[in-house]
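To start, the structure itself, in structure tokens.
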Amino acid sequence: ISGSKMIFNSTIDNSDKTIGVVNNSLGDKFVAYIPLDDRPVNVDRVKYLAQSMGYTLKMPEADLYSTKLDGNGTNSNGTKYGDPAALSRWLYEMEKSGCDYYIISLDQLFSGGLVSSRYLTKKDEIFDMDYVKQIFENIVNNSSNKVYLFDSVMRLGSTLDFEGYTMDDHLELTNFASVKRKDLKNENLNIQNIVKDYKADSNGNLIKVNIRSDKLERYLGARERKLKLVDYYFNMIADKSNISLFIGIDDSSNNANIQTNEINYMKKKADEKKLDVVIRDGIDELGMISFSKLVYDFSKINVSEANIITI
């Protein structure tokens, strides 16, 4: 809610202006959190939320999940994005230490962050993806864990000043992606057909785009990689009651575009797998939303009966 703060409260003492909040119901347990990237909206605001609720939040070192735009150096892994292998080792240590509660950005865990998830193709996986998947599967397959996952639908344009992509590239790709594609339905709505139709409009005509072919192919390769990762983890978390999933639509639009079949495919898979998934506009708030969902799930408070104060 823009410009306001909502507090779920059961005991309010107006005499001394004290406002109570939902108590931490996890006791001495802690929450392991892998953020989307190192921007304050994904780090500081989630930390403040956890502190305000009395929860202990553990995070890996910032170097493991930071994004560097062109001209800003690299992380210790020698790249401009996070380190999925090192993050997986951190998750392994969290699991060994008895952690039962996880909030994980899948863009970060599988791609090193939001920006790099728009750039990486399958051939760019310099980290050990098999190891990353093994640790991820150990976490979600442990039924005593409660795991909150969040991911994104790739935006229309590229990221400015990342790995050589310019403003002109961003605008060209945004215009290219904004064109309506063929509306795929039922058995035709699959990854192979979605990828096959990336370059064509709804009538099957090739969409013109003024960008270097290698940049276009990398952009489309990143879209395909993300779709295949969705397919992987949807299958992995199917029928698991301990998993909650949020998917944010980056650069969401009311018009049909390159995202439309991707989103519809996710909805179709979610229905088939009976997943607890929310698909919504926006991506940068999903760390806070996931944490809020955890608090709601474990606070054992009946929100309909609680006092809700808007300040």
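The structure places CG of D183 at 6.0 Å from CG of N261, a figure rounded to the nearest 0.5 Å. Atom CD of residue E272 and atom CZ of residue F234 lie 10.5 Å apart, to the nearest 0.5 angstrom. Atom OG of S88 is separated from atom CD1 of I34 by 7.0 Å, given to the nearest 0.5 angstrom. The distance from the CG atom of L36 to the CD1 atom of I104 is 13.5 Å, given to the nearest 0.5 Å. Note that the CG atom of L109 and the CG atom of L149 stand 9.0 Å from one another [nearest 0.5 Å]. Note that CZ of F127 and CG of D83 are 9.0 Å apart. Values are rounded to the nearest 0.5 Å.
Two residues are said to be in side-chain contact when any heavy atoms from C-beta on lie closer than 4.5 Å; K226 and D151 meet this criterion. L49 has its side chain within reach of S52: a pair of non-hydrogen atoms, C-beta onward, lies under 4.5 Å apart. Looking only at side-chain heavy atoms (C-beta outward), V31 and T56 stay at 4.5 Å or farther from each other. Side-chain contact between L220 and F176: present, with at least one pair of heavy atoms (C-beta onward) separated by less than 4.5 Å. Using a 4.5 Å heavy-atom cutoff, the side chains of V278 and L245 are not in contact. In this structure, the side chains of Y33 and K47 stay at 4.5 Å or more apart for every pair of heavy atoms. Between I135 and R89 there is no side-chain heavy-atom pair separated by less than 4.5 Å. Using a 4.5 Å cut-off on side-chain heavy atoms (C-beta onward), L189 and K268 make contact.
A side-chain donor from one of D276 and S244 sits under 3.5 Å from a side-chain acceptor of the other. If you check the side chains of D250 and Q259, you find no donor sitting under 3.5 Å from an acceptor. Counting only N and O atoms by type, the side chains of N142 and S144 include a donor and acceptor under 3.5 Å apart. Counted by atom type alone, Y198 and E262 present one or more donor-acceptor pairs between their side chains at under 3.5 Å. Side chains of K80 and N75: no donor on one and acceptor on the other come within 3.5 Å. Counting only N and O atoms by type, the side chains of S143 and N242 include no donor and acceptor under 3.5 Å apart. No hydrogens or angles considered: a donor-acceptor pair under 3.5 Å links the side chains of T79 and N77.
Residue-environment remark: CD (E93) exceeds the threshold of 12 foreign heavy atoms within 6.0 Å. The environment of CZ in R39 is crowded: more than 12 heavy-atom neighbours from other residues, nucleotides or ligands sit within 6.0 Å. Atom CG of D239 is surrounded by 12 or fewer heavy atoms from other residues, nucleotides or ligands within 6.0 Å. For K182, the NZ atom is loosely surrounded, since the number of other residues' heavy atoms within 6.0 Å does not exceed 12. Residue K199 qualifies as open at atom NZ: its count of foreign heavy atoms under 6.0 Å is 12 or below.
The backbone N or O of T166 lies less than 3.5 Å from a partner atom in the side chain of D169, making a donor-acceptor pair. Between the side chain of H170 and the backbone N or O of S158 there is at least one donor-acceptor pair closer than 3.5 Å. The closest donor-acceptor contact from the side chain of D70 to the backbone of G164 lies under 3.5 Å. The backbone N or O of M94 lies less than 3.5 Å from a partner atom in the side chain of S97, making a donor-acceptor pair. Of the possible donor and acceptor atoms, one in the side chain of N145 sits under 3.5 Å from a partner among the backbone N and O of I139. At distances below 3.5 Å, not a single donor-acceptor pair connects side-chain atoms of E172 with backbone N or O atoms of I211. With D44 contributing its side chain and V41 its backbone, the two residues share no donor-acceptor pair below 3.5 Å. In this structure, the side chain of D128 engages the main chain of D130 through a donor-acceptor pair within 3.5 Å. The backbone N or O of N255 sits less than 3.5 Å from a side-chain atom of N257, completing a donor-acceptor pair.
The side-chain tip of R212 does not point at the ring of Y219 from less than 6.0 angstrom away and within 45° of straight on. Annotation: cation-pi geometry satisfied between K58 and F30 (NZ/CZ under 6.0 angstrom from ring centroid, within 45° of ring axis). A cation-pi geometry, defined here as NZ or CZ lying under 6.0 Å from the six-membered ring centre and within 45° of its normal, does not hold between K267 and Y265.
Note: Y65 and Y81 fail the aromatic proximity criterion, with ring centroids not under 6.0 Å apart. A ring-centre distance under 6.0 Å is found for F298 and Y101. Ring to ring, F162 and Y119 are close: their centroids are under 6.0 angstrom apart.
In terms of heavy-atom proximity, N175 sits nearest to V179 at O-CG2, 3.5 Å. Looking at every heavy atom in both residues, P35 comes nearest to M59 through CG-CE, 3.8 Å. Annotation for A222 and S117: closest pair CB-O, 3.9 Å, computed over non-hydrogen atoms. Pairing each heavy atom of S290 with each of F150, the nearest pair is OG-CD2, 3.6 Å. When every heavy atom of F110 is checked against every heavy atom of R225, the shortest pair comes out as O-NH2, 2.6 Å. Contact record, D38 with T67: OD1-N, 3.3 Å, taken as the closest heavy-atom pair.
Between Y232 and F136, the two ring planes are tilted [angle within 30° to 60°].
Taking 4.0 Å as the cut-off between side-chain N and carboxylate O, D197 and R181 do not count as a salt-bridged pair. By the 4.0 Å N-to-carboxylate-O rule, K180 lies too far from D201 to be salt-bridged with it.
Transitive grouping of hydrophobic side chains (ILVMFWY, heavy atoms separated by less than 4.5 Å) keeps L120 and L160 in distinct clusters. In the hydrophobic clustering of this structure, I263 groups with I258; members are Ile, Leu, Val, Met, Phe, Trp, Tyr whose side-chain heavy atoms approach within less than 4.5 Å, directly or through other members. Residues Y131 and V140 share a single hydrophobic cluster, defined by chaining ILVMFWY side chains whose heavy atoms lie under 4.5 Å apart. Under the 4.5 Å side-chain heavy-atom criterion for Ile, Leu, Val, Met, Phe, Trp and Tyr, L173 and L171 are members of distinct hydrophobic clusters.
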Step by step, work out the salt bridge (charged side-chain N to carboxylate O under 4.0 Å, His left out) result for E137 and K133. CA-CA 6 Å; E137 291 167 18; K133 288 181 175 179; over 6 Å; no

Would you sort out whether K122 and D124 count as a salt bridge (charged side-chain N to carboxylate O under 4.0 Å, His left out), showing the intermediate values? CA-CA 5 Å; K122 178 65 178 175; D124 295 309; over 6 Å; no

Does R218 form a salt bridge (charged side-chain N to carboxylate O under 4.0 Å, His left out) with D214? I'd like the steps, not just the answer. CA-CA 6 Å; R218 171 174 288 282; D214 62 315; over 6 Å; no

Under the salt bridge (charged side-chain N to carboxylate O under 4.0 Å, His left out) rule, what do R280 and E285 come out as? Steps first, then yes or no, please. CA-CA 11 Å; R280 64 180 300 277; E285 305 85 3; 3.7 Å; yes

In sequence, state the C-alpha distance, the side-chain angles, and the governing distance for S76 and D63, and then conclude on side chain to side chain donor-acceptor pair (under 3.5 Å). CA-CA 7 Å; S76 60; D63 178 81; 2.3 Å; yes

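For the pairing with F291, the ring pair (Phe, Tyr, Trp, His ring centres under 6.0 Å) check across F246, Y55, Y102 returns one residue only, Y55.
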